[in-house]
Amino acid sequence: MPHFVEVILPLSLAKTFTYRISEAEFKYIQPGMRLAVPFGKNKLYTALAIELHQSEPHLYEAKEIHQILDEEPIVNEIQIAHWQWIASYYMCAIGDVYRTAMPSALLLESETVILRKDGTFDASVFSDDEYLVYEAIQRATSIRVSEVMSILNKKNVFPILHQLIAKNVLTLQEEVSEIYKPKLVRYVRLHPEFQNPDNLAELLDILKSAQKQKELVLAYFQLFATERRPITVKQLLEASGATPAIVKALIDKEIFEEYHLQHDRVNFDGKLEERELVLSAAQQSAFDDINVSFDSKEVTLLHGVTASGKTEIYIKLIEQHLASGKQILYLLPEIALTTQLVERLTAYFGNKVAVFHSKYSNNERVEVWRQVLANSEKAQIVIGARSAMFLPFSDLGLVIVDEEHEQTFKQQDPAPRYHARDAAIVLANAHQAKALLGSATPSIETYYNAVSGKYGLVEITERYGKVLMPDIELVDLKDKYFRKKMSGHFSDTLLEYMQEALSLGEQVILFQNRRGYSPVVECMTCGHVPQCRQCDVSLTYHKHKGQLRCHYCGYSIANPVQCHNCSSKELTTKGFGTEQIQQELMELLPKYKIGRMDQDTTKGKFGFEKILDSFAGREIDVLVGTQMLAKGLDFANVSLVGIMNADNMLYHPDFRAFERSYQMMTQVAGRSGRSEKRGKVVIQTYNPNHNTIQQVTNNDYLGMYKEQLYERQIYKYPPYFRLIRITLRHRDYEKVKDGAMWLYQVLSQNLSLPVLGPEEPAIARIRNEYIRTIMIKIPQNQPLQGTKKTIRKILDSFEVIAQFRPIKSSVNVDFY
Ligand code: ADP
Ligand code: ZN
Ligand code: ZN
């Protein structure tokens, strides 16, 4: 009898493939081991074994595998089943899930490009083959895996490359384009000149008339004498009671020197939090209710207002599940948020916390993968963005999805277009673990599931420490413009509150949602607005760089000096973004330091950390930012939040626009007044009477929920209907148009369901490809499997029609 192994290939292929193996291999291989297999013309891939069997494939001749890469499975059966569920539910290829799930260093293939890492290595520890590769790459800087095969004159090179990657000699090329921004911690030391004790007298003399600075320097000496290691700015401030301004003055005088060290991985050597975490009465009763709810429900929603102290409740729950030896997964919507959270969690759990996300380097991702695989204590608690749920957990006890309403949990492109919250619930089920969803502004779907009894529901309606919910004041922009009470984009009301807060030493956050409301350059003579060459959008003006840029494809041109259309030199900017707000403020409030947080300022290395650190360190007085600000940040000294313009969020052509506006505004408002003093929020709007804005002002989540639920029912949207959106794209306008019409007709004839479209989306061309979409609505009570099968069949027949074959199609289940 021949022997076979069924494998998943890391390619966009829906099927698994069968390879021939020997009897010995049949006995050795286990599902979850990686195999190097040939596929296509002379290419080698890292496939995943999922099943051993003896049935020959009848459509093709089974090839032989090349090599077994693992001695033990590195993927477990729960994962394989979970990935298959994702592929089936989200209608994508199992190969896409496999490729997304695994760190790419575990998926070498013959086309992978390998780079040299800087540094010197002790070549004497290399094996002969390792040395040959090492030598080759010294000359070439980059090399393809297939070239390594010819250098070594053999095909079994993956293990050698794995070794060299583990030794940090090599890395994969993609890493270069996805540099992770590690956590940087600020340190101070004496300027080299003053490190010499002979100059001490001179130093004290310089500071003769600056008593506070002198005290701080003395405090530094004392701290350094006891600690005998580098001193962080934070430590120094705590030990001396000085203000950041004094540290800054000493840095400016070149007495202190600041430097940053990387704390990018959890390597906790500090003291564990000694003070025991004591929950408030409201927190304690929520904690108890969650446990009661877990007795009968797999999933529970914790709906707690902003600053109610949800994180502390998570910490207590984690403690409880740690004690039972189980693994814990903590999902966050955004990598940027991990820093604050990791600090809070490591203070309690020390080295048991591991962080995992796609922006980590290959080595780090592989390391966490191996720790989780070994069920190591070091990774008993895993914090991460959506991809963390693909780790090889074998014994999950608790899954926390924080800020569950965030749309970033849904992957848009490429496939798998999965919703991490929903997929994590399925994963928790497979482990018989409990899932806790947390939010101050739950998504309509989740709240509906909670109210209807599918999920448990626990609510906290007060802030920790009985801090009052912020006081929200609406400013009518129409009236302010009419009465000429505006300076730039600032109403007199907002400016007055800002001046008051700042004069008390408090900090301010200003929110400007730039999405859909970007600054553009417009010709005052002919009205021409420069457009992207490849996409149907206007180019966005970036003053700082003197550029116009496309936010969809990255295309950019220098800021024009005259109109491309009529050559007029009278150009003006329209719309406003964070950059313009920052500029205006610098003129309006010259005394204060204005920071900005958006995609542009956080792009550079360490950008995000630096801004957050200096805001937390009170070196920035006003922070202007986009929706990045809305996500769970906790700053104690912020007493005022301003929303520059609420309207552009409200009028998005999207059935979730009001829900999202409510969430965004409530979350941003929630950054204000998080400790002691009651916070203030100013919302500038042309529509102060709009229902959603009223709901935000009155903290009326239930009102928002009921109104939206009503609309969703009437217009056939979630949670009453599931949405599947099909997108077609191609460079030929007519082809997409015809293809979309064909598909629409066949779908509506074969499904007795509402099928909408084919529609040209708001941005109908991106990177020179024309786009059409079709939306299918499936009632909640209708079985999905059958409908998906029909859709799949229709798509398959679409793809074999010669004239439509070149059209790219993609399917988005539970479209967000
Ligand atoms: P949420 O996530 O609900 O918005 P946080 O967990 O960030 O709220 O809590 C808000 C603030 O209150 C934080 O600064 C947190 O440290 C503090 N806090 C909450 N609960 C406690 C507690 N039991 N003991 C001490 N501080 C707490
Ligand atoms: Zn013009
Ligand atoms: Zn473009």
Side-chain angles (χ1 to χ4, degrees), residues 1-102 106-110 155-156 158-159 373 390 392 394 415-416 418 426-427 429-430 783-797 799-800 811:
M1 277 290 263
H3 297 85
F4 298 99
V5 60
E6 203 64 24
V7 303
I8 305 174
L9 284 167
L11 299 168
S12 245
L13 299 167
K15 291 196 185 66
T16 57
F17 290 82
T18 311
Y19 283 83
R20 185 184 292 274
I21 48 177
S22 70
E23 193 180 345
E25 287 169 331
F26 184 81
K27 288 193 178 131
Y28 185 84
I29 296 172
Q30 299 172 47
M33 286 185 180
R34 289 169 306 155
L35 313 171
V37 302
F39 188 80
K41 265 197 215 135
N42 253 331
K43 284 191 188 159
L44 271 192
Y45 291 94
T46 298
L48 186 74
I50 57 165
E51 200 194 336
L52 294 136
H53 59 80
Q54 299 197 300
S55 32
E56 186 148 11
H58 30 258
L59 288 179
Y60 54 92
E61 179 78 24
K63 290 185 189 165
E64 285 178 9
I65 66 161
H66 219 91
Q67 195 181 10
I68 301 171
L69 296 172
D70 294 309
E71 289 169 11
E72 297 281 336
I74 66 161
V75 171
N76 64 43
E77 311 227 356
I78 298 179
Q79 286 175 284
I80 296 174
H82 187 230
W83 299 354
Q84 277 164 337
W85 176 84
I86 291 179
S88 143
Y89 185 87
Y90 292 104
M91 298 181 71
C92 64
I94 182 69
D96 283 329
V97 187
Y98 172 48
R99 205 172 38 196
T100 301
M102 303 279 287
L106 296 175
L107 288 186
L108 292 180
E109 51 190 67
S110 46
K155 286 210 160 177
N156 303 349
F158 288 1
L373 184 65
F390 292 116
S394 50
Y418 65 105
V426 172
L427 181 68
N429 257 311
L784 266 180
Q785 229 31 45
T787 311
K788 284 181 186 165
K789 232 185 225 151
T790 312
I791 296 175
R792 174 51 62 202
K793 258 196 218 141
I794 295 173
L795 276 173
D796 287 346
S797 44
E799 277 157 21
V800 296
V811 184

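These numbers were taken from a predicted model, which means no experiment stands behind them.
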Quiz item: Mind checking whether F39 and F17 have parallel, tilted or perpendicular rings, split at 30° and 60°?
Solution: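 Perpendicular: the ring planes of F39 and F17 meet at over 60°.
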
Quiz item: Taking the inter-plane angle between the rings of Y418 and F390 on a 0 to 90° scale, is it parallel (under 30°), tilted (30 to 60°) or perpendicular (over 60°)?
Solution: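 Aromatic pair Y418/F390 classed perpendicular.
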
Minimal non-hydrogen separation, [X] against [Y], with atom names:
X    : Y    : result
F158 : T46  : CE2-OG1, 3.4 Å
P31  : L52  : CD-CD1, 4.1 Å
I78  : A430 : CG2-CB, 3.9 Å
A62  : F4   : CB-CE2, 3.7 Å
A49  : I29  : CB-CG2, 3.9 Å
C92  : V97  : SG-CG2, 3.8 Å

[X] versus [Y]: any side-chain heavy-atom pair under 4.5 Å?
X    : Y    : result
L107 : Y98  : yes
S88  : Q785 : yes
V426 : Y89  : no
V5   : V37  : no
T790 : K793 : no
V811 : K788 : no
W83  : P416 : no
E23  : M1   : no

[atom2] on [Y] to [atom1] on [X], rounded to 0.5 Å:
X   : Y    : atom1 : atom2 : value
L35 : I21  : CG    : CD1   : 8.0 Å
R20 : I65  : CZ    : CD1   : 12.5 Å
I94 : L9   : CD1   : CG    : 11.5 Å
Q30 : E77  : CD    : CD    : 9.0 Å
M91 : L784 : CE    : CG    : 10.0 Å
Q79 : M102 : CD    : CE    : 8.0 Å

Practice problem: Could you check I50, L48, L373, L106 and say which one makes a side chain to side chain contact (heavy atoms under 4.5 Å, CB included) with V75? | Solution: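 Filter result, single survivor: L48.
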
For the side chain of [X] and the backbone of [Y], is there at least one donor-acceptor N/O pair under 3.5 Å apart?
X    : Y    : answer
D70  : P73  : no
Y19  : H66  : no
E799 : D796 : no

Quiz item: Around atom NZ of K63, are there more than 12 heavy atoms of other residues, nucleotides or ligands at under 6.0 Å?
Solution: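 Yes - once you tally the heavy atoms of other residues, nucleotides and ligands closer than 6.0 Å, there are more than 12.
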
Self-check item: Under-4.0 Å salt bridge between D96 and R99
Solution: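 Salt bridge: yes.
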
Practice problem: Go through the steps for L427 and W85 under the test side chain to side chain contact (heavy atoms under 4.5 Å, CB included), then give the verdict. | Solution: CA-CA 10 Å; L427 181 68; W85 176 84; over 6 Å; no

Quiz item: What residues, two or more places apart in sequence or in another chain, satisfy side chain to side chain donor-acceptor pair (under 3.5 Å) together with H3?
Solution: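 If we apply the side chain to side chain donor-acceptor pair (under 3.5 Å) test to H3, skipping adjacent residues, the hits are Q54.
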
Exercise. List the steps and the verdict of side chain to side chain contact (heavy atoms under 4.5 Å, CB included) for E71 and Y28.
Key: CA-CA 9 Å; E71 289 169 11; Y28 185 84; 3.6 Å; yes

